[in-house]
Amino acid sequence: MADILRPGATAPDFTLRVTPDQNLSLKELRGRPVILAFYPADWSPVCGDQMTLYNEVLPEFQKHGAEIVGVSVDGVWCHAAYAKHNHLHFPLLSDFEPKGAVAQTFGAYRRGEGVCERALFVLDEDGKVFWSYCSPIAVNPGAEGILEALEELSKKKGETHERVESTSQQERSHSGR
Amino acid sequence: MSVLKVPVNRNDHILGDDDAPITLLEYGDYECPHCGAAHPIVKALIRNYGNQLRYVFRHFPLTQIHPHAEAAAETAEFAGAHRRFWQMHDLIFENQQRLGIPMLLEAAEYLGLSAAQLRRALETGEFAGKVRSDFTSGVRSGVNGTPTFFVNGQRHEGSYAFEDLAEAIESRLEQRAA
């Protein structure tokens with residue numbers, strides 16, 4: 001299996017087509033957790049489909065303020081048809097030209113087959129990889145790992161906030177003296 | 001290997017004896033053709049294993065690709081509130097080809113329940129919370145599609161063919177006997 005980017009690494013920025021006339025840059029999503037789901041191809045069998053599952057789990061992702069984007073080497077028109085057919089409510093990005101270039105920067109490209117790995121990345125607010133997982137290509141990894149990562153991330157953020165608050169309290173009591 | 005994160009509890013629909021050595025739990029979607037195909041297989045397993053098997057069904061509707069799956073799940077819950085869950089469960093799967101609101105209302109009447117009351121329950125989403133909590137428990141247990149089976153809390157990685165499920169059950173029974 002591929003050597004994908006690990007926690008701590010900074011996610012390389014990219015700009016990809018999201019619709020036939022619109023681009024999306026990773027840096028536009030800064031300030032909130034981002035789920036990057038690389039997958040091999042649109043139109044895999046329906047009932048066990050990974051993107052269909054994420055579409056259903058969307059409210060749970062949103063509870064953590066997270067954005068999810070799917071990435072494959074399929075073209076924009078293919079994505080458009082696939083998203084429409086499955087009523088997807090999140091963006092699919094086209095890593096189409098040069099083919100797989102973005103997936104390669106994440107270590108999530110299968111050169112032999114010319115498709116993305118089934119690789120998941122949860123990025124923190126600063127665009128750093130917080131959690132990553134590469135699934136066997138035929139296995140839908142589900143959403144459990146993503147949700148656990150988002151929960152940990154939220155918890156960490158809560159702790160930082162508490163720290164900041166207690167520091168400012170100290171400062172206040174300090175200045176009051 | 002994925003394990004069941006939310007154990008069988010009193011909010012579940014349970015068929016069979018609580019003391020049964022085997023618990024077969026399914027996450028299913030009433031509009032999913034594979035779940036429809038698995039339905040008679042589950043019934044055959046129940047017949048075959050008798051009081052050795054306890055069967056539990058939890059909802060995992062993929063609502064964006066199956067437009068009637070949510071209403072069907074809520075209808076089963078509505079029937080469950082009137083102690084008719086399993087009758088409704090069977091009726092829905094047996095009539096999967098014509099699944100839709102008219103069929104669900106008809107099924108309610110067939111079971112002696114009020115179609116008007118069911119319609120209201122669907123409109124107000126009275127049972128949506130229960131369905132969603134089943135779904136979320138499935139996601140937490142690594143359910144990635146339907147049907148997904150758990151045998152004594154361990155995810156069944158094989159197919160839903162009778163032979164595969166029976167083999168998983170037999171091996172648990174043998175472990176117990178050993």
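Every chain is numbered from 1 and lettered A, B, ... according to where its sequence line falls, protein lines coming before strand lines. Just so it is clear, the structure is predicted and the values come from calculations on it, not from any experiment.
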Under 3.5 Å, is there a donor-acceptor pair between the B:His34 and B:Tyr160 side chains?
yes
Go through the atoms of A:Glu148 and report whether side chain, backbone, both or neither lie under 4.5 Å from a heavy atom of chain B.
both
Looking at B:Arg54 and B:Asp18, does any basic side-chain N land under 4.0 Å from a carboxylate oxygen?
yes
Is it the side chain or the backbone of B:Thr148 that comes within 4.5 Å of chain A heavy atoms, both, or neither?
neither
Counting only non-hydrogen atoms closer than 4.5 Å, does B:Pro147 touch chain A with its backbone (N, CA, C, O), its side chain (CB onward), both, or neither?
neither
Presence of salt bridge, A:Lys99 and A:Asp95, under 4.0 angstrom:
no
Here's a test for you: under side-chain hydrogen bond (donor to acceptor under 3.5 Å, both in side chains), which of B:Glu77, B:Arg132, B:Lys130 qualifies with B:His59?
B:Glu77
